[in-house]
Participant: 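Let me begin by handing over the structure; questions about it come next.
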Amino acid sequence: MLQVAYLRDHKEEAIAQLAKRNIEAREMVDNAISLDEERRITQTELDSIKAEANKISKDIGGLFKSGAIDKANALKAKSADLKETIKQLENRLNTTKQDLENLLYKIPNIPHELVPAGNTEDDNEVVFEHGDIPKLPGDALPHWELAKKYDIIDFELGNKITGSGFPVYKGKGAKLQRALITYFLDKNTEAGYTEYQLPHLVNEASGFGTGQLPDKEGQMYHVSEDNLYLIPTAEVPATNIFRDTILNETDLPLKLTGYTPCFRREAGSYGAHVRGLNRLHQFDKVEILRIEHPNQSYEALKDMVEHVKGILNELKLPYRILRLCGGDLGFTSALTYDFEVFSTAQNRWLEISSVSNFETFQANRLKLRFKNKDAKNELCHTLNGSSLALPRVLAGILENYQTEDGIAIPEVLIPYTGFSHIN
RNA sequence: GGAGAAAUGGCAGAGUGGUCGAAUGCACCGGUCUUGAAAACCGGCGAGGGUCACACCUCCGGGGGUUCGAAUCCCUCUUUCUCCGCCA
């Protein structure tokens, strides 16, 4: 959620930057500013009437004590009038506040100046490429066929137990999965991220805190009996650790990592592009998250990108990094870098990580602040990224490491798997 | 799941209808003293809104109510603790 004060002070700039998302924001911004003004006027009026009412109540107390009952009763009548006015003003104030908030929920984050204009993923900017695309034998198979051939992932069994999009990993497949999780977590903790194990269900307030609610409600599985939501990403529980928090400046930066399964309804997405591991309802992901001082956050973003690069270099997977264009940029993000690994057998790029700086957008809604040098509370910047999403990394490994007689295991993973081939 | 108790500032802990945003202690920050530190003493020390700055308003787990006036009374929800039951 953007800050109204910012919109007021940087109106034209905000509108111009939002245009990169192909949004004509002028009307919304104008409305927000005028609703805020109305809010302040009403608030001031209400405050002064309340001040008067408070004073009267105190006077009544004094009059009762000194025995001036008649005078006290006369004041009571006056107080009743004020109460009526207070009620009306409060209603008006609440409506205005609600309108303002609803409007602010609809305005996405202001893109960073580096964000290229553009409509679709085709307009994303490739900023880095690494690794040669391996020459595979002519009969190279996509990962879902390899998974079947070597009996390491059973999609049909998942259908039986739950439904489509809930694969069953078994044998060396399960072990490889566990090895990847441990390897990622180890890399992250080595880089100074503190490991967390987080709840996989969150309450409504947490959903609002990170912006999944109210708009993207349909993305999450909802347990209505207890009004809880299955997490679509560890970002939700991890970021909500800091809801309603005031940190000391010296606490910054905070670096967290955690592994969780992720649950996404993905309603309406079916077809060739979602085969195999490409898109699932349940998948595993290791997340990194940072809480940063505002003037450090872009340095931190760079650092996170380098960190993810380091992991992919070690895994020796061909990948590229994209700077997302305005049209593809997530609602809450100011600047996002996507990592894609090349799926050789499918001949397409698969997104395996997304690293974003949200600046104060999340922090504002979360009320996550730090006390600055002037002892004033200031909003923190939040950043997060995947390091990494498991299924597509797994798909990348299976496809790119396939040989005539099986699948090789990337060298860095062998200490974790305990085997060097799947065959 | 059943019965009972509780929820107050960073922590501990007073406060049961009026001048209480809230005693006191600890922690923390600044100062005096000291070669330095500790101790002692003095001062400061929650958040949000609002203002150029004050004033002022709101907040004692959340929501609602009674009252001229609520941390204090009533209703409700949530959470925690104790006991019982169940259980990995």
Side-chain angles (χ1 to χ4, degrees), chain A residues 1-9 32-104 197 199-209 213-214 223-229 237 240-252 254 261 291 360 362-380:
Chain A
M1 180 165 70
L2 293 171
Q3 300 166 83
V4 197
Y6 179 86
L7 291 177
R8 205 168 45 209
D9 299 341
I33 292 171
S34 71
L35 276 170
D36 181 56
E37 205 173 315
E38 190 183 326
R39 192 203 99 236
R40 282 173 12 241
I41 290 167
T42 312
Q43 181 83 62
T44 307
E45 194 181 343
L46 176 63
D47 284 356
S48 67
I49 291 172
K50 277 188 170 175
E52 196 181 342
N54 285 343
K55 191 177 172 300
I56 289 174
S57 288
K58 283 186 182 177
D59 290 348
I60 291 173
L63 288 170
F64 270 125
K65 261 186 194 150
S66 63
I69 310 290
D70 290 347
K71 281 185 182 171
N73 284 330
L75 276 182
K76 274 194 192 182
K78 195 172 173 193
S79 180
D81 287 351
L82 289 178
K83 242 179 127 176
E84 189 51 41
T85 313
I86 287 172
K87 209 165 215 171
Q88 284 172 13
L89 282 173
E90 271 177 346
N91 284 338
R92 203 204 304 169
L93 182 65
N94 285 337
T95 310
T96 309
K97 275 179 159 172
Q98 195 59 56
D99 289 350
L100 176 59
E101 186 159 87
N102 288 342
L103 180 58
L104 287 174
Q197 280 200 27
H200 300 167
L201 283 89
V202 293
N203 58 28
E204 226 174 7
S206 293
F208 276 97
L213 297 175
V223 182
S224 57
E225 179 89 14
D226 300 289
N227 197 24
L228 296 172
Y229 294 85
N240 273 285
I241 293 173
F242 303 102
R243 174 150 44 87
D244 288 317
T245 300
I246 299 172
L247 299 164
N248 295 315
E249 189 162 3
T250 48
D251 294 335
L252 301 174
L254 288 168
I291 314 294
T360 59
Q362 283 185 329
N364 188 32
R365 202 190 276 210
L366 286 166
K367 298 198 175 72
L368 164 56
R369 295 151 296 174
F370 69 95
K371 216 168 257 306
N372 69 19
K373 288 188 183 69
D374 304 325
K376 291 264 186 192
N377 294 326
E378 196 176 329
L379 291 171
C380 300

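As a basis for the values below, the full set of heavy atoms in this structure was taken, side chains included, without hydrogen atoms, waters or symmetry mates. Letters A, B, ... mirror the listed sequences (proteins, then strands); counts begin at 1.
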Participant: Using the C1' atom in both, what is the distance from B/C52 to B/C59, to the nearest Å?
Facilitator: 26 Å
Participant: Checking A/Gln98 against A/Asn94: is there a side-chain donor and acceptor pair closer than 3.5 Å?
Facilitator: no
Participant: P atom, B/A47 versus B/G64: distance in rounded Å?
Facilitator: 25 Å
Participant: Checking A/Glu90 against A/Lys50 for the salt bridge (charged side-chain N to carboxylate O under 4.0 Å, His left out) test, could you report, in this order, the C-alpha distance in whole Å, the side-chain angles of both residues, the deciding distance, and whether it holds?
Facilitator: CA-CA 11 Å; A/Glu90 271 177 346; A/Lys50 277 188 170 175; 3.3 Å; yes
Participant: Within the 4.0 Å heavy-atom criterion, would you say A/Asn73 contacts the bases, only the backbone, or no part of the nucleic acid?
Facilitator: nothing
Participant: Name the nucleic acid region contacted by A/Ser79, choosing base, sugar-phosphate or nothing; use a 4.0 angstrom heavy-atom cut-off, strictly under.
Facilitator: sugar-phosphate
Participant: With no hydrogens and no angle check, just 3.5 Å: does a side-chain donor-acceptor pair link A/Asn248 and A/Lys371?
Facilitator: no
Participant: So, taking the atom named OG1 in A/Thr42 and the one named CG in A/Leu46, what distance separates them when rounded to the nearest 0.5 Å?
Facilitator: 8.5 Å
Participant: What base-paired stems does RNA chain B take part in, with at least 3 consecutive Watson-Crick or G-U wobble pairs and both distances under 3.5 Å?
Facilitator: B:1-7 with B:78-84, B:10-12 with B:24-26, B:28-32 with B:40-44, B:46-49 with B:56-59, B:61-65 with B:73-77
Participant: Within this structure, what is the CZ-CG distance for the pair A/Arg243 and A/Leu366, rounded to the nearest 0.5 Å?
Facilitator: 7.5 Å
Participant: Distance only, no hydrogens: is a donor on one side chain within 3.5 Å (strictly under) of an acceptor on the other, for A/Glu378 and A/Asn372?
Facilitator: yes
Participant: When the P atoms of B/C73 and B/U16 are compared, how many Å lie between them, rounded to an integer?
Facilitator: 9 Å
Participant: With a non-hydrogen cut-off below 4.0 angstrom, is A/Lys371 in contact with a base, only sugar-phosphate, or nothing?
Facilitator: sugar-phosphate
Participant: Let me confirm one number: the CG-CG distance from A/Asn227 to A/Asn203, rounded to the nearest 0.5 Å.
Facilitator: 8.5 Å
Participant: Which whole number of Å gives the distance between the P atom of B/G30 and that of B/C20?
Facilitator: 31 Å
Participant: Which whole number of Å gives the distance between the P atom of B/C84 and that of B/G61?
Facilitator: 30 Å
Participant: Closer to the 5' end of RNA chain B via nearest nucleotide, is it A/Ile60 or A/Ser57?
Facilitator: A/Ser57
Participant: Write down the distance separating the P atoms in B/G46 and B/C41, rounded off to the nearest Å.
Facilitator: 22 Å
Participant: With a strict under 4.0 Å distance from non-hydrogen atoms of chain A, what nucleotide opens and what nucleotide closes the contacted stretch of RNA chain B, reading 5' to 3'?
Facilitator: B/G18 to B/G69
Participant: Taking the nucleotide of RNA chain B with the closest heavy atom to each, which residue, A/Lys376 or A/Lys55, is nearer the 5' end?
Facilitator: A/Lys376
Participant: Take atom C1' in B/U34 and the same atom in B/A40, then report the distance between them in whole Å.
Facilitator: 12 Å
Participant: I need the A/Asp99 CG to A/Leu35 CG distance, nearest 0.5 Å.
Facilitator: 6.0 Å
Participant: Pairs of donor and acceptor atoms involving the side chains of residues 77-88 of chain A, under 3.5 Å and at least two apart or interchain, shall be tabulated with distances.
Facilitator:
unit_1, atom_1, unit_2, atom_2, d
A/Thr85, OG1, A/Asp81, O, 3.3

Participant: Pick base, sugar-phosphate or nothing for A/Leu75, based on heavy-atom distances below 4.0 Å to the nucleic acid.
Facilitator: nothing
Participant: Can you see which heavy atom on A/Arg365 is nearest to which on A/Phe208, and at what distance?
Facilitator: CD-O, 2.8 Å
Participant: Heavy atoms only, 4.0 Å cut-off, all strands: where does A/Leu46 land among base, sugar-phosphate and nothing?
Facilitator: nothing
Participant: For B/U76 versus B/G18, give the span between their P atoms, rounded off to a whole number of Å.
Facilitator: 26 Å
Participant: Using a heavy-atom cut-off of 4.0 Å across all strands, would you classify A/Asn54 as base, sugar-phosphate, or nothing?
Facilitator: sugar-phosphate
